[in-house]
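All residue numbers refer to positions in the sequence shown, counting from 1.
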Amino acid sequence: MNAILKKLSDTIDVTESTPLYIQVANAIREKIMNGELKEGANLAPEYELADDLNVSLITTKKALDILVKEKLIYRRPRLGTFVGNIKNRILITDTHKILFLFCNARIPDQYSSLLFSGVEQACKENNFSLKLLKYMQGDKLLEKILKEKYTGILVSGLVYPEIILKLNKQQSPFVVIGYIGTQWKGEEELYQILPPAEEYGKIATDYLIKNNH
């Protein structure tokens with residue numbers, strides 16, 4: 001196996017909410033884009049890569065499928081998987097990117113998990129890349145992340161005005177899904193999608209009744 005790929009295991013974190021296959025795809029993509037993995041490099045067989053990264057074969061296959069769609073790698077039957085010419089990559093790695101920003105919670109609740117699954121499916125169907133970032137109040141990592149250009153940013157979780165102010169300073173359009181933690185008093189227009197509270201209230205009540213609570 002390529003020595004560079006062996007180092008990827010250090011970047012995979014099973015405690016993170018980001019799906020493992022996206023972590024694997026992001027890690028390999030970064031190695032290709034920064035030149036550590038050269039054009040024509042032969043990647044390890046999928047089963048070997050899965051073993052070295054300590055992830056399942058399905059996870060590895062899903063990660064490589066993403067990179068194949070982005071034209072960063074290509075498969076040759078009975079020969080293996082190879083790094084392609086990044087000049088031929090589709091624009092997904094440049095402009096067709098969605099950032100899902102999950103704020104101020106260590107573990108996504110069921111609503112956020114379902115929301116992310118829907119976003120993930122939409123991105124797959126439209127050939128968009130998707131990055132999931134967990135942000136805790138005061139984390140300076142956000143400024144670095146927001147230096148990138150995104151097609152759009154979806155913000156969920158416990159969202160506070162500090163986050164909105166930072167998002168307003170960058171160029172990518174964003175939408176808040178849910179409620180702001182405190183009343184928003186900013187002058188900037190805020191695009192916000194509120195969950196249908198009545199519908200969720202009915203679902204919750206029906207659940208309690210069904211289970212004799």
Go through the steps for L132 and I22 under the test side-chain contact (heavy atoms from CB on, under 4.5 Å), then give the verdict. CA-CA 9 Å; L132 171 63; I22 292 182; over 6 Å; no

Could you check if a side-chain atom of [X] sits within less than 4.5 angstrom of a side-chain atom of [Y], using non-hydrogen atoms only?
| X | Y | result |
| --- | --- | --- |
| P161 | I180 | yes |
| C123 | V119 | yes |
| Q170 | K147 | no |
| F100 | L115 | yes |
| I177 | V155 | no |
| K134 | L101 | no |

For V83 and L43: C-alpha separation, side-chain torsions, deciding distance, then whether side-chain contact (heavy atoms from CB on, under 4.5 Å) applies. CA-CA 7 Å; V83 176; L43 303 183; 4.1 Å; yes

Whether K69 and D65 form a salt bridge (side-chain N of Lys/Arg under 4.0 Å from carboxylate O of Asp/Glu) is what I want to check. no

Inspect the contact between K62 and E46 and indicate whether a charged nitrogen and a carboxylate oxygen are less than 4.0 angstrom apart. no

Rounded to the nearest 0.5 Å, what separates atom [atom1] in [X] from atom [atom2] in [Y]?
| X | Y | atom1 | atom2 | result |
| --- | --- | --- | --- | --- |
| L64 | I73 | CG | CD1 | 4.5 Å |
| E162 | I164 | CD | CD1 | 10.5 Å |
| E48 | T60 | CD | OG1 | 11.0 Å |
| L49 | L57 | CG | CG | 9.5 Å |
| C103 | L158 | SG | CG | 8.0 Å |
| L99 | Y135 | CG | OH | 13.0 Å |

Taking the six-membered ring of Y150 as reference, does the cationic atom of K97 (NZ for Lys, CZ for Arg) lie under 6.0 Å from its centre and within 45° of its axis? yes

Checking the side chain of [X] only, and the main-chain atoms of [Y] only, is there a donor and an acceptor separated by less than 3.5 Å?
| X | Y | answer |
| --- | --- | --- |
| N104 | M136 | no |
| K71 | V68 | no |
| E30 | A27 | no |

Could you give me the CA-CA distance, side-chain angles and deciding distance for R29 and I66, then say whether side-chain contact (heavy atoms from CB on, under 4.5 Å) is met? CA-CA 10 Å; R29 183 190 300 110; I66 292 175; 3.8 Å; yes

Counting only heavy atoms not in K61, do more than 12 fall under 6.0 Å of its NZ? no

Output every pair passing ring pair (Phe, Tyr, Trp, His ring centres under 6.0 Å) with a member in residues 61-86, not counting sequence neighbours, ordered by first then second residue. Y74-F82

Residue set satisfying ring-ring contact (aromatic ring centres under 6.0 Å, His included) with Y47, at least two apart, ordered chain then number -> none

I'd like to know whether T59 forms a side-chain contact (heavy atoms from CB on, under 4.5 Å) with L53, so could you lay out the CA-CA distance, the side-chain angles of the two residues, the decisive distance to 0.1 Å, and finally the verdict. CA-CA 10 Å; T59 294; L53 295 178; over 6 Å; no

In terms of heavy-atom contacts, S172 and I153 come closest through CB-CD1, 3.9 Å

